Amino acid sequence: MSSVLPVLCGAVLLGAPGYLMLCALDVRLRLRWGWAPAVTVLLTVVLGALFRVLGIRWTLLSAVIGIVLLVALAAVVRLALQRRTARRLTTSTSTSTSTSTSTSVGVPAPQDWSRGTAAAVTGASILSGALVAASAARRMGGISTLNGSFDSFFHLSAAAFIRERGDASFTTALSDIYGEPTFYPVVFDDLVAILPFDVITAANAMMLAMLAAIPPAVAAMVVGVSRPARSAPLLVALSAGAATLFLSTPAMALVMGLWPIVLGVVCLPPAIAAVLMLTDRRHGAPGVGTAAGLVLIVIGTALAHPSVLFSVAVVAGLRLLAGGIERMLGGGRLRGLIEVCAALAAAVLFVAGSHVLLSGMALTKPSLDGVGSVLGEILLDSPRIPAVPALLWPMAALWILAMIGAAAAVRSREVLGATAALGLLASLMLGVATQIDHPLAVALVNPWYGARERIAPLMMCMLVLLMARGLLALLESGGRRRRSLPGALAVGAVVVTVLIALVTPQRLPLMGSLAYTAYGVQLTPYVTSEERSFIERTAQELPEGSVVLADPLDGATLYWSVGGVETVFPTMSRPLTREKTLIAHYAHRAGTDEASVELCRALEPVGPTHLYRDTSEASGQRINPEDSERWRGVHDIPESRLTLVDASGPYALYELDPAC
């Protein structure tokens with residue numbers, strides 16, 4: 001199957017609901033497509049909860065109807081507010097102004113671009129995203145290729161459960177996996193579940209659509225916070241192109257299978273812009289409608305993935321700090337001192353709260369490289385993947401321009417520029433802290449699971465903001481009538497870097513292969529193509545009501561997510577309930593004198609009817625023996641309780657006598 005149609009459908013599902021809502025509310029923003037995913041997340045969560053309460057199944061049809069109704073309701077409310085306002089005003093001019101203030105959920109009126117300019121910038125940002133998706137997909141082996149990473153299996157099962165059960169609620173959608181209602185950011189899985197393709201194709205399509213959405217999101221951030229300038233359209237378009245140079249987020253998407261955090265990254269740039277706009281007083285205090293809308297953007301980002309909210313919090317705190325310092329330098333010492341102290345107090349509370357409440361989130365092992373080497377990789381946004389080289393040239397132009405932008409912002413005493421500079425420094429410090437085994441360092445990075453890839457999107461946003469400011473400084477240095485030669489050279493350097501980086505085999509195309517086809521370079525697959533074929537075939541042949549028992553590290557989760565056959569362990573995570581832990585440890589004892597009453601009570605409601613075994617080189621016991629030990633009771637079920645149903649090489653399916 002061609003990847004174009006599935007990815008296009010994924011992009012429409014990710015962006016269209018939010019875009020339509022922004023239009024219905026008459027939100028006066030440039031690049032609405034960049035803001036739209038955060039609004040889509042919010043709509044998805046609202047509809048998922050509402051459908052749960054009303055007993056409506058989560059399907060593509062019901063979701064579309066729900067979105068249309070919400071958009072129509074928003075439009076009706078806006079029109080009603082406009083008419084109410086119009087009755088209070090005496091002139092058409094004041095009516096227009098009041099309507100803009102009361103109904104807009106964005107920033108003050110956008111920069112005065114012609115329709116052609118706006119269309120060109122929007123097209124450039126969307127084209128940048130499309131090129132990212134195309135480059136990433138080059139070595140995936142096709143849109144239906146299975147991602148071999150650990151986390152991808154969880155989300156394939158999650159999407160399959162939501163599709164089967166029709167429940168998209170934040171707390172109950174994954175009850176069948178966790179054994180009880182549990183909070184989990186399921187928006188990515190919700191969207192995958194209603195794409196009209198098989199689960200693997202749908203997940204891959206939505207993943208590529210998210211990567212394609214990052215450049216427009218970054219462009220929306222830049223246009224939202226930058227000051228008006230004749231070169232603004234060019235700077236915004238270049239910012240979208242620059243967003244294609246960063247590798248940590250594609251690595252999380254393509255290699256690690258961390259798809260929900262990637263959705264959070266898509267929403268991060270607009271959320272950062274929202275925070276900066278809320279605190280921007282250049283155009284006066286934002287109106288109630290504007291402030292409420294910007295807050296909703298931040299909430300939508302948090303709902304995409306909560307860890308991204310901490311990156312937004314860092315920017316908010318640094319904005320308060322930079323504003324306080326600027327006030328102190330400008331003569332408002334008392335108020336400035338209060339803001340600085342508030343920012344420092346917030347930082348202390350952040351660290352203390354992380355140490356107390358988030359200590360269990362330090363899950364990432366530090367790299368074996370020295371701190372200096374790690375800092376170099378952070379500066380170049382090179383993820384912790386040995387196969388991906390840390391190349392200097394793609395990032396060199398951005399860093400040079402960012403340093404120029406930081407200097408220009410500090411010299412002009414620009415609070416937003418200073419905030420971006422402080423944010424860039426903070427992101428580097430946080431990245432290095434992932435390597436330091438000290439309680440303070442661990443507390444700093446707990447919200448990001450101790451992984452520098454999750455912190456890197458913050459660096460991306462700050463670096464691009466400063467790059468745009470540096471370009472502006474160079475373009476304005478030659479006077480109003482002509483562009484300076486340094487500015488033209490800088491623009492050319494960014495364009496050439498982007499065009500070359502998108503086709504360089506060692507970058508996006510390489511990552512597109514690591515968890516899809518070129519397993520030997522990075523990881524051993526949990527499921528080979530031969531094993532997947534065996535599971536798909538035998539799943540179709542199993543009678544209705546069958547339940548497969550297996551070590552999930554052997555790929556048995558595909559019996560559920562791909563084959564639609566219930567499995568005892570639908571994900572490769574540790575057994576999440578006491579009953580399933582008993583089965584995992586002691587299933588082999590069923591029917592013997594060693595069998596406990598608790599074991600039989602655990603087996604009875606589950607009712608496993610078949611056992612799947614993988615004895616290949618890619619079996620769980622061989623590629624991950626420590627984790628596979630959790631299912632030792634499944635490995636040791638005696639042959640006397642098994643009747644062979646089908647076998648192909650090292651893969652075998654047996655009928656199981658539960659013996660209880």
Side-chain angles (χ1 to χ4, degrees), residues 107-108 221-222 224-227 268-288 290-292 294-295 297-298 301-302 308-355 402-433 440-441 443-445 447-448 455 458-459 461-470 472-473:
V107 292
M221 174 188 66
V222 173
V225 303
S226 61
R227 62 183 176 86
L268 176 61
I272 289 176
V275 167
L276 294 177
M277 293 174 199
L278 282 169
T279 55
D280 187 6
R281 294 296 182 267
R282 291 175 298 175
H283 305 284
V288 175
T290 296
L294 294 175
V295 169
I297 291 292
V298 176
T301 300
V308 178
L309 183 61
F310 292 99
S311 295
V312 179
V314 169
V315 176
L318 293 175
R319 170 61 180 82
L320 186 62
L321 177 63
I325 294 174
E326 195 276 335
R327 286 184 185 278
M328 292 175 67
L329 295 175
R333 294 183 179 180
L334 179 58
R335 184 170 179 179
L337 181 60
I338 292 174
E339 291 185 1
V340 170
C341 291
L344 296 177
V348 172
L349 290 175
F350 176 91
V351 175
S354 173
H355 177 72
M403 294 302 98
I404 295 173
V410 171
R411 185 172 60 251
S412 303
R413 292 178 57 177
E414 298 171 7
V415 175
L416 294 183
T419 301
L422 290 173
L424 182 58
L425 181 60
S427 67
L428 297 179
M429 294 174 61
L430 289 169
V432 172
L440 176 59
L444 279 172
V445 298
W448 297 274
I455 300 169
L458 174 61
M459 185 189 80
C461 293
M462 299 298 98
L463 190 60
V464 172
L465 282 176
L466 290 173
M467 179 214 74
R469 182 63 183 90
L472 179 61

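Since the model is a prediction, treat every value here as computed from it, not as a measurement.
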Note to self: Filter on salt bridge (Lys or Arg N to Asp or Glu O under 4.0 Å), then keep only pairs touching residues 339-355, sequence neighbours left out; what's left?
What the structure shows: Arg327-Glu339, Arg335-Glu339

Next item on the list: Would you check, one step at a time, whether the test side-chain contact (heavy atoms from CB on, under 4.5 Å) holds for Val351 with Leu444?
Entry: CA-CA 6 Å; Val351 175; Leu444 279 172; 3.7 Å; yes

Check: Does anything in residues 403-413 pair up under salt bridge (Lys or Arg N to Asp or Glu O under 4.0 Å), and if so which pairs, sequence neighbours excluded?
Finding: Glu326-Arg413

Checklist line | Partners meeting side chain to side chain contact (heavy atoms under 4.5 Å, CB included) with Ala426 (sequence neighbours left out) | finding: Val314, Leu318

Could you tabulate the donor-acceptor pairs under 3.5 Å formed by side-chain atoms of residues 414-425, not counting sequence neighbours?
{"from": "Glu414", "atom 1": "OE1", "to": "Arg469", "atom 2": "NE", "distance (Å)": "2.9"}
{"from": "Glu414", "atom 1": "OE2", "to": "Arg469", "atom 2": "NE", "distance (Å)": "3.3"}
{"from": "Glu414", "atom 1": "OE2", "to": "Arg469", "atom 2": "NH2", "distance (Å)": "2.8"}
{"from": "Thr419", "atom 1": "OG1", "to": "Val415", "atom 2": "O", "distance (Å)": "2.8"}

Notebook entry, point to check: Around Met403, counting heavy atoms of other residues, nucleotides and ligands shown, do more than 12 lie under 6.0 Å from its CE?
Noted result: yes

Check: Is any side-chain heavy atom of Met462 less than 4.5 Å from a side-chain heavy atom of Ser427?
Finding: no

Next item on the list: Mind checking side chain to side chain contact (heavy atoms under 4.5 Å, CB included) for Ala441 and listing every partner two or more places apart, or none if nothing turns up?
Entry: Ala433, Ile436, His438

Check: Which pair of non-hydrogen atoms, one from Ala271 and one from Val298, has the smallest distance, and what is that distance?
Finding: O-CG2, 4.1 Å

Notebook entry, point to check: Between Thr301 and Leu309, is any pair of side-chain heavy atoms under 4.5 Å apart?
Noted result: no

Check: side-chain contact (heavy atoms from CB on, under 4.5 Å) between Asp280 and Val225: does it pass, once the steps are laid out?
Finding: CA-CA 9 Å; Asp280 187 6; Val225 303; over 6 Å; no

Margin query: To the closest 0.5 Å, what do you measure between OG (Ser311) and CG (Leu268)?
Written below: 5.5 Å

Next item on the list: Give, for atom CG of Leu320 and atom CG of Leu344, the distance between the pair rounded to the nearest 0.5 Å.
Entry: 9.0 Å

Note to self: Using a 3.5 Å distance criterion without hydrogens, assess whether the side chain of Arg319 forms a donor-acceptor pair with backbone atoms of Thr279.
What the structure shows: yes

Note to self: Among residues at least two apart in sequence or on other chains, which ones pass side chain to side chain contact (heavy atoms under 4.5 Å, CB included) with Ala347?
What the structure shows: none

Notebook entry, point to check: Do the non-hydrogen side-chain atoms of Leu278 and Val295 ever get within less than 4.5 Å of each other?
Noted result: yes

Next item on the list: Go through the structure and list residues passing side chain to side chain contact (heavy atoms under 4.5 Å, CB included) with Phe350, not counting sequence neighbours.
Entry: Phe310, Pro447, Trp448

